[in-house]
Amino acid sequence: MPISTKSRPGKTRPSKDTYHHGNLRQVLIDTTLQLIAKIRPENVTVRAVAKLAGVSSGAPFRHFPNRSALMTAVAEEAMLRLQEEVASSLKKAADKNPLMRFRAIGEAWIRWAVRNPSHFKVISDRSLLDSDASAAWRKRSQAIQAEGIRLLGEAQEQGLLPGVEIRYFHLAGRALVYGLARMYSDGHFASFGLDESRVDQIGESVLDAFFRVPVRPTKNHVGKPKDH
């Protein structure tokens, strides 16, 4: 949704200068992210966001009738940032084979989660969102998934993924980067003897392990499977 540049009438005069320029919607999204950095997303309320933003308790409801609508707006912004991160990563990997370009999506996913921790926390809990009400959220999410599937199909055509069922390889890759990002977000690295400040190098090493695992041909693979 575009942010209006026109001022909006109101009975109260909030302390945020941006509100006077008609940017209350974005102020509320930014404030929500600040609050999530301090408390769990499920504990965020629209009124708490209004208080932190310095506006009247009723002002946010002009844009967001409930918490679900507010969190969905945060998720839309999150997916936009993820889409931009993926596009940048794929551009840098343009000269690589399709399997390595698929890996580049995973690298982008980890970087995005680390750089946008509050966004990631919202995306991680679908119970907070009304994804059915957000065409923008679905479109961006589906676009990233479709690109991954396309690259894996191209990789298989080039003989890089013999005997692999693409949808499961795609799911495995997504589960890997999501799980790693979630472990980082929840502070699990220390229990594995890992330094979370080295998350970039850790992510690279985890992806190295995943992409070096030999692929086992399936019965549907054309040609005689190798003996194992």
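Below, all heavy atoms of this structure are taken into account, side chains as well, without hydrogens, waters or symmetry copies.
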Self-check item: Ion pair Glu147/Arg101, N-O distance below 4.0 Å
Solution: no
Practice problem: Look at Arg81 together with Glu85 and state whether they make a salt bridge at an N to O cut-off of under 4.0 Å. | Solution: no
Quiz item: About how many Å separate CD1 of Ile144 and NZ of Lys139, when rounded to the nearest 0.5 Å?
Solution: 13.0 Å
Quiz prompt | Steps toward side chain to side chain contact (heavy atoms under 4.5 Å, CB included) verdict (Val27, Val55) | solution = CA-CA 10 Å; Val27 167; Val55 301; 5.6 Å; no
Quiz item: Under the criterion side-chain contact (heavy atoms from CB on, under 4.5 Å), which of Val86, Leu82, Val177 is the partner of Ile105?
Solution: Val86
Quiz prompt | Asp130 backbone acceptor or donor facing Thr72 side chain under 3.5 Å | solution = yes
Quiz item: Do we see a donor-acceptor contact under 3.5 Å between the side chains of Gln34 and Asp30?
Solution: no
Self-check item: Which atom of Ser68 lies closest to which atom of Leu129, heavy atoms considered
Solution: OG-C, 3.7 Å
Quiz item: Does some side-chain heavy atom of Met183 sit less than 4.5 Å from a side-chain heavy atom of Val199?
Solution: no
Quiz item: Short question: side chain of Arg67, backbone of Val44 - any donor-acceptor pair under 3.5 Å?
Solution: yes
Self-check item: Closest non-hydrogen atom pair between Ala37 and Ser118, with its separation
Solution: N-OG, 3.6 Å
Quiz item: Distance from Ser57 atom OG to Lys51 atom NZ, nearest 0.5 Å?
Solution: 11.0 Å
Quiz item: So, Ser141 side chain and Trp137 main chain: donor-acceptor pair closer than 3.5 Å or not?
Solution: no
Quiz prompt | From CZ (Phe189) to CD1 (Ile202), nearest 0.5 Å | solution = 5.0 Å
Quiz item: Is it the case that one hydrophobic cluster holds both Trp109 and Tyr168, taking links as side-chain heavy atoms less than 4.5 Å apart, direct or via other members?
Solution: no
Quiz item: For the residue pair Pro41 and Met71, what are the closest heavy atoms and their distance?
Solution: O-CE, 3.4 Å
Quiz item: Any side-chain heavy-atom pair from Asp195 and Arg198 closer than 4.5 angstrom?
Solution: yes
Self-check item: Cluster overlap Ile166 with Phe211, hydrophobic side-chain contacts below 4.5 Å
Solution: yes
Exercise. Mind listing the closest non-hydrogen atom pair of Tyr184 and Glu196 along with its distance?
Key: CE1-O, 3.6 Å
Practice problem: Look at the aromatic rings of Tyr178 and Phe120 and report parallel, tilted or perpendicular, splitting at 30° and 60°. | Solution: tilted
Exercise. Measure from the side-chain N and O atoms of Asn116 to the backbone N and O of Trp112, and report whether any donor-acceptor pair falls under 3.5 Å.
Key: yes
Practice problem: Provide the closest heavy-atom pair for Val206 versus Leu176 in the form atom of the first, atom of the second, distance. | Solution: CG1-CD1, 3.6 Å
Quiz item: When you measure from the side chain of Glu107 to the backbone N and O of Glu204, does any donor-acceptor pair fall under 3.5 Å?
Solution: no
For residues 90-100, which side-chain donor-acceptor pairs fall under 3.5 Å, sequence neighbours excluded?
| residue | atom | partner | partner atom | Å |
| --- | --- | --- | --- | --- |
| Asn97 | OD1 | Leu99 | N | 2.9 |
| Asn97 | OD1 | Met100 | N | 2.9 |

Quiz item: OG of Ser88 to CD of Gln83: how many Å apart, nearest 0.5 Å?
Solution: 13.0 Å
Practice problem: Flag the pair Val122 / Thr32 as yes when at least one side-chain heavy-atom distance between them is below 4.5 Å, and no otherwise. | Solution: no
Quiz prompt | Separation between CD1 of Ile123 and CD of Glu77, rounded to the nearest 0.5 Å | solution = 10.5 Å
Quiz item: Does the side chain of His170 pick up a donor-acceptor pair with the side chain of Gln145 at under 3.5 Å?
Solution: no
Quiz item: Do Ser89 side-chain atoms and Ala104 backbone N/O form a donor-acceptor pair below 3.5 Å?
Solution: yes
Quiz item: Rounded to the nearest 0.5 Å, how far does CE of Met79 lie from OG of Ser134?
Solution: 9.5 Å
Quiz item: Less than 4.5 Å apart, any side-chain heavy atom of Lys121 and any of Arg40?
Solution: no
Practice problem: For the residue pair Leu80 and Glu76, establish whether any side-chain heavy-atom pair is separated by less than 4.5 Å. | Solution: no
Quiz prompt | Set of salt bridge (Lys or Arg N to Asp or Glu O under 4.0 Å) partners for Arg182, sequence neighbours left out | solution = Asp186
Practice problem: Give a yes or no on whether the backbone of Gln26 and the side-chain of Asn23 come within a donor-acceptor separation of less than 3.5 Å. | Solution: no
Quiz item: Which word best sums up how the rings of Phe102 and Phe169 line up, parallel for under 30°, tilted for 30 to 60°, or perpendicular for over 60°?
Solution: tilted
Quiz item: Closest approach of Leu35 and Ala48, non-hydrogen atoms and distance?
Solution: CD2-CB, 4.0 Å
